[in-house]
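In this text the structure is predicted, and so the values were computed from the model without any measurement.
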Amino acid sequence: MRNLSKIWMLLLAFVLCIPLNGVAQTGQGWSGSGSGTESDPYRILDASDLDQVRNFLGQSGVYFKLMDDIDIASWIRDNNPTEGWLPIGISSSPFQGVLDGNGKTISGLMINRGETDNVGLFGCVSGATLKNFTLNGTTIVGGNATGALIGKANGATISGLDVTFTSVTGRNCTGGLIGHGDSKAVSITSCKQSGNVQGAQTVGGIIGYSTSNLTIKSTSSQSTVEIIEGLGAGTSVGGLIGYSKSTVSATTCNHYGNVSGGDGTGGLIGRATSTVSFTTCNNEGNVSGGKYVGGAIGLCDKVTLTKCSHVGNVNGNQSVGGLIGHKAESTKRLIIDNSFALGDITGEGNTGGLVGCMLAVNTQHYLNSNYTNAVNSIKYVTIEDTYKYSLNSQLNNTKENKYYNILGIDRYRSDQGIMVYGYKCGSSSSNVKVAKSTTSLLEGDNSSIAGYIVIKNDGKSNSYEFGTSYYKHIVIPDNTNFHSYTFDGKNQISNSYFNGKLVGTDNVGGIVGIAQTADITKNYVSASVSGKTNVGGIAGKLDIGTSYSGNSTITSNIAINTIINASAFDAGRIYGSIGSDWTVGSLGSAETNKAVLSTEVSTRFAIY
């Protein structure tokens, strides 16, 4: 009887060690060889070993190494033929280790989890390293944050991967490799992706949505990238990146295939709202969308393109360009150098061979060195102490009001200098107010500052009333001259060219449709250019910048156009119309813009 009891105990222990549904459960450890260190990694020999990687989630410094090619198709059929592979890692417990593929191949991956977010071979990773393997499969279907390799990456280093799938399909944030790059930096080096990628919005051949600093080197995507009609807004679709909200640095990266989406569609990036730098990057394929469509980037802020190109047609509505669709008005500038576009560009308002719409670079408010030096001795003055406070005798025993200009400073932005802390204190005894000017007080909910700090030092509080919103604390600088300006520089298009056909409506140009705050120099155009108003061989409309007082320039450009046609008015071999703050290269000088006189110009009024 005692021996029988021992047998039952052994059988029970054996059963408890069997993974449920053939899937390893977190915390069960490792059944194979290796100790998980860098010098002695856990060795992955088959699909069951790969599944056991999930037993080490939330643990950093754990190393794994593929020792053989693995086909997981049969493992999926045996364990979960309907939903396929269960992604490794979740948001609360991501994969944080190192997987060295050792030049091996993982094949047969299939995932069908359309209602699940964070879908891929790895669901969620944080600070992980994935390198040196090939990943092949059929279809990947997920919800938000879906990618063939990783659903959501909160920091990752990825290198030497070759990823091929029939298709990757998700909702928001869908990418050929990564769905969503979140928070911590993501680096992708020497990788290849192949297969169609589609989603509702924020869709990219490499990464759908990036809110982390992103570095991509020597990486390519060969894919059709598109939206699923009717599923979402269809915005922010790109051959490499759908939407980037953080810094992007890309070198020697390429996309091959067609890209189609809604507003903000580009051959490389659909939409970028932070600093982007592309060097020797190219797109080959047609790009189509709604507003803000570009052969390289649809909608952007600060971008530098160097030795980049687009080959293919571009089609959209407003702001359509061979490289850039729309550069928004901001404090940052666009630079294009030694780049080109080849193909037919079709749009409506603001259509250009390289750039559809390039808006002004604004001046930026900042605190000068006088204020910076005073930061170390900042004083906080309460309402009760306002009358008694003195700083460098500025307020000592005076009866006059003191005004400190703080135009354009947001009190929630510490990098701009927090000048005032305030809220509705409900007291009319405050001697500290905020004014539009020296005579008019600023009303509002105190969410931002745009006017003057007003120090009332006569002990009376009824002179300036503006509701019940008063500032409880105030920061007073050492001197009043602390409000200064900086300028990022003018937009620039240089040493670049366009060859093809341009068709638009208003503001159509061989290089740029409409431009503000720019230097346009040493560019070449060979194209037919047609529109309704403001049609030019180089620029459609050279517009007046809104915030820059210096001259913009258009010099040393060459236009060899077969036809320049404006069906309504304003056409020219160089530009259609021009604002007063533009300087044109002088005739006969090295800065002369040149055009072929035999070019047929058809309009009611030829400008230049």
Side-chain angles (χ1 to χ4, degrees), residues 117 142-147 151-153 168-182 186 193 196-214 216 221 223-248 250 253 255 257-276 278 281 283 285-303 305 310 314-321 323-328 330 334 347 356-357:
D117 295 340
N144 298 321
T146 294
K152 188 174 186 178
V168 178
T169 303
R171 294 183 68 89
N172 301 334
C173 313
T174 300
L177 287 184
I178 302 172
H180 182 189
D182 184 31
V186 173
Q193 180 275 337
N196 296 336
V197 183
Q198 56 183 355
Q201 60 186 10
T202 55
V203 185
I206 296 296
I207 182 168
Y209 184 42
S210 177
T211 53
S212 62
N213 290 342
L214 177 63
I216 308 179
S221 172
S223 58
T224 296
V225 183
E226 59 189 358
I227 60 171
I228 302 173
E229 295 290 345
L231 189 59
T235 59
S236 305
V237 180
L240 296 180
I241 304 165
Y243 183 6
S244 173
K245 296 183 72 173
S246 296
T247 299
V248 175
C253 296
H255 174 257
N258 296 334
V259 180
S260 61
D263 295 348
T265 297
L268 299 177
I269 299 183
R271 182 182 181 188
T273 54
S274 190
T275 301
V276 172
F278 276 96
C281 296
N283 176 63
N286 299 328
V287 181
S288 61
K291 295 188 297 185
Y292 318 137
V293 182
I297 303 175
L299 175 62
C300 65
D301 187 359
K302 181 174 183 177
V303 169
L305 296 182
H310 164 73
V314 182
N315 185 285
N317 298 327
Q318 184 177 355
S319 295
V320 181
L323 292 178
I324 305 291
H326 187 91
K327 187 274 176 190
S330 70
L334 167 67
C357 181

Q: Is it true that a side-chain atom of N144 and a backbone atom of D117 form a donor plus acceptor pair closer than 3.5 Å?
A: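 No, N144 side chain to D117 backbone: no donor-acceptor pair under 3.5 Å.
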Q: Under 3.5 Å, is there a donor-acceptor pair between the side chain of H326 and the main chain of C300?
A: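 Not at all, since once roles are kept as given, no pair shorter than 3.5 Å links the two residues.
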Q: Going through the distances and angles, do S210 and V186 end up as a side-chain contact (heavy atoms from CB on, under 4.5 Å)?
A: CA-CA 9 Å; S210 177; V186 173; over 6 Å; no
Q: Can you tell me if T202 uses its side chain to pair, donor with acceptor, with the backbone of C173 under 3.5 Å?
A: yes
Q: Do S319 and V293 make a side-chain contact, defined as non-hydrogen atoms from C-beta onward lying under 4.5 Å apart?
A: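 They are not in contact (no side-chain heavy atoms under 4.5 Å apart), so the answer is no.
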Q: To the closest 0.5 Å, what do you measure between CG (D182) and NZ (K245)?
A: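 One finds 11.0 Å between CG of D182 and NZ of K245.
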Q: For I178 and A153, work out which heavy atoms get closest and say how close.
A: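 Closest approach of I178 to A153, heavy atoms only: CG2-CB, 4.2 Å.
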Q: For residues L177 and I207, determine if any side-chain heavy atom of one lies less than 4.5 Å from a side-chain heavy atom of the other.
A: no
Q: Write down the atom of N283, the atom of V287, and the distance for their closest heavy-atom approach.
A: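 Looking at all heavy atoms of both residues, the closest pair is ND2-CG2, 3.7 Å.
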Q: Do you know the tightest heavy-atom contact between A272 and V276?
A: CB-CG2, 3.5 Å
Q: Starting at OH of Y209, measure out to OG1 of T174 and round the result to the nearest 0.5 Å.
A: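 Separation between the atoms: 13.5 Å.
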Q: Any chance you could lay out the side-chain contact (heavy atoms from CB on, under 4.5 Å) test for T265 and I227, step after step, and finish with the verdict?
A: CA-CA 10 Å; T265 297; I227 60 171; over 6 Å; no
Q: So, the side chain of S223 versus the backbone of V225: is there a donor-acceptor pair under 3.5 Å, distance only?
A: no
Q: Any chance you could measure I241, atom CD1, to R271, atom CZ, to the nearest 0.5 Å?
A: 14.5 Å
Q: Is it true that a side-chain atom of T211 and a backbone atom of G181 form a donor plus acceptor pair closer than 3.5 Å?
A: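 Side chain of T211 to backbone of G181, a donor-acceptor pair under 3.5 Å: yes, one is there.
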Q: What verdict does the side-chain contact (heavy atoms from CB on, under 4.5 Å) test give for F278 and I269, after you've listed the backbone C-alpha separation in whole Å, the side-chain angles of each residue and the deciding distance to 0.1 Å?
A: CA-CA 10 Å; F278 276 96; I269 299 183; 3.4 Å; yes
Q: Looking at OG1 of T275 and CG of D301, how far apart are the two atoms once the value is rounded to the nearest 0.5 Å?
A: 7.5 Å
Q: Rounded to the nearest 0.5 Å, what's the gap from CZ on R171 to CD on Q198? Could you check?
A: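 Taking CZ in R171 and CD in Q198, the distance rounds to 12.5 Å.
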Q: Grab the two heavy atoms, one from L305 and one from A296, that are nearest each other, plus how far apart they are.
A: CD1-CB, 4.3 Å
Q: I need the L268 CG to C281 SG distance, nearest 0.5 Å.
A: 6.5 Å
Q: Work out which heavy atom in H180 is nearest to a heavy atom in A145; give both atom names and the distance.
A: CB-CB, 4.1 Å
Q: Please assess L323 against I297 for the test side-chain contact (heavy atoms from CB on, under 4.5 Å), listing each intermediate value before the final yes or no.
A: CA-CA 6 Å; L323 292 178; I297 303 175; over 6 Å; no
Q: Taking N258 for the side chain and N286 for the main chain, is one N or O donor matched with an acceptor at less than 3.5 Å?
A: yes
Q: Taking all non-hydrogen atoms of both residues into account, name the closest pair between S221 and Q193 and its distance.
A: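 Here S221 and Q193 meet closest at OG-OE1, 2.5 Å.
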Q: Hey, which of V197, I228, T146, V203 is the one that makes side-chain contact (heavy atoms from CB on, under 4.5 Å) with T169?
A: I228
Q: Scan side-chain atoms only and decide if S236 and Q201 contain a donor-acceptor pair under the 3.5 Å cut-off.
A: no
